[in-house]
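Structure record follows, encoded as structure tokens.
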Number of protein chains: 2
Amino acid sequence: MPEEARSGLRERKKLDTRKALSDAALELMFERGLDNFVREDVAARAGVSLRTFSNYFASKYDALAYRVNYRIRRSAELLRSRPAEEPLWTAIAEALIEPLRDDGVPFGRPTDEQILEVRKLNATPEMQVALARNTIEDLVEAIADRTGTDPKADLYPRLVANVTVGALNAVLNRYVQTDPSVAMSSVLREVFASISEGLPPPPRT
Amino acid sequence: MPEEARSGLRERKKLDTRKALSDAALELMFERGLDNFVREDVAARAGVSLRTFSNYFASKYDALAYRVNYRIRRSAELLRSRPAEEPLWTAIAEALIEPLRDDGVPFGRPTDEQILEVRKLNATPEMQVALARNTIEDLVEAIADRTGTDPKADLYPRLVANVTVGALNAVLNRYVQTDPSVAMSSVLREVFASISEGLPPPPRT
DNA sequence: CCAGATGATTGCCTTGAAGGCAACTTTGCC
DNA sequence: GGCAAAGTTGCCTTCAAGGCAATCATCTGG
């Protein structure tokens, strides 16, 4: 059972702490830059001990990746509730897009320096690890459910999940690296439509 | 200029050291298990200092990923020399397959325990990242060349490269997770054919 | 409502990773 | 042979990861 779904004071407090730690990490990154704060700073700002930080997140990057990972988990859920007759890649695209809408702008409109920090963050291998962790498996499960395949035995759901994450990474990389004048949602729709057509060679530039 | 292409005693020695470190890491993993050796052990076996290990590889996982990364770089080269009229995904599949043939069986036929170690290794996010690092860019360049797109400005080559790596990861995961009775090359051909058809939902089991 | 059980928080500690710096050694080249 | 460039090494500091046990908060059954 996912932590988000349970109730009770204890569970809610844990969730609050996790979110507080994640937010503190993001704030510190924006204030000081990615390399100018340590886990202890994050713990201090969230009002817990360093050891407690370790109980919640395996690394600074896990804390920074929390929001994104949360969104992808939500996307996996949403994928299950998309209409059954909807084409697979449309369902995947829409499931990925919806949590982006909800999230709004957590820290106000980003300044140029903030965008630069996010770009640096996304480029680090540690961040890539943090993003890969905890998300692929949820997607594999959801896709297996939807397509009636076996997540353990069949290659198919894992393949689709990997392709999905690969595509998402490409779009995110591109989004942060160039001027985000085009809305990410429309880029995502195009990309997944293109995948469902087999990614034919000459792109319409 | 890639390190592999240069000559001279100095360059050759560096290459030898790199390979010795990578091999030592793989041997140690098979002998002791993934979690039962440290970078210092690897350095000792390769006959260099720990500090030198750090000069060659950023992490234990980078050392373990060296062979695979080397193969992928070779695949990127091979992709450029595939016939121009060949469909893109066929060219990619064949370019990925060829280096696998050359490599043979580096450590003899793997035992069950060795397969288990490789499985554990491939499952770690650290390894997934080590695999993607240093290779994606080469693939992006090669794909951009082949498709006449701009690796900086266009989303297309990055998208295809990410999808390729994602698919390769899925196959590698599957390969070590189940009995490798089917040759990897034929699985790769099927997978990329399937991608070029848009990955239609019901897989032929 | 209370007392034991269960789970969370914390401090302490050990191990390992990462990488800057300067001394020293090897290779390349004239 | 000898100088310059590049590779290797030891030493060092900082940070990360996580086991263990004590303490504290929440939960649950009587």
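Quick note: numbers below take in every heavy atom, side chains included, and nothing from hydrogens, waters or symmetry partners. Protein chains get the first letters and strands the later ones, always in sequence-line order, with residue 1 at the start of each.
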Problem set entry | CD1-OG1 distance between B/Ile143 and B/Thr149, expressed to the nearest 0.5 angstrom | 8.5 Å
Exercise. Could A/Lys19 and A/Asp23 be called an ion pair, given the rule that one side-chain N must be under 4.0 Å from one carboxylate O?
Worked result: yes
Exercise. Given that A/Arg39 and B/Gly47 both sit by DNA chain D, which one's nearest nucleotide is further toward the 5' end?
Worked result: B/Gly47
Quick one: is [N] close enough that its OP1 or OP2 comes under 4.0 Å of any side-chain N or O from [X]?
X       : N      : value
B/Lys13 : C/dT27 : yes
B/Thr52 : D/dT8  : no
A/Tyr61 : D/dA16 : no

Exercise. Does the base of D/dG19 carry an N or O that pairs as donor and acceptor with the side chain of A/Arg51 under 3.5 Å?
Worked result: yes
For this session: May I ask you to check if B/Lys60 and B/Phe37 form a cation-pi contact, with NZ or CZ under 6.0 angstrom from the six-membered ring centre and within 45° of the axis?
Result: yes
Of the options [options], whose atoms approach the side-chain atoms of [X] most closely?
X       : options               : result
B/Thr17 : C/dA18, D/dT8, D/dG18 : D/dT8
B/Tyr56 : D/dG7, C/dT9, C/dA17  : D/dG7
B/Lys14 : C/dG16, C/dT10, D/dG7 : D/dG7

Problem set entry | Flag if over 12 foreign heavy atoms under 6.0 Å of CG, A/Asp112 | no
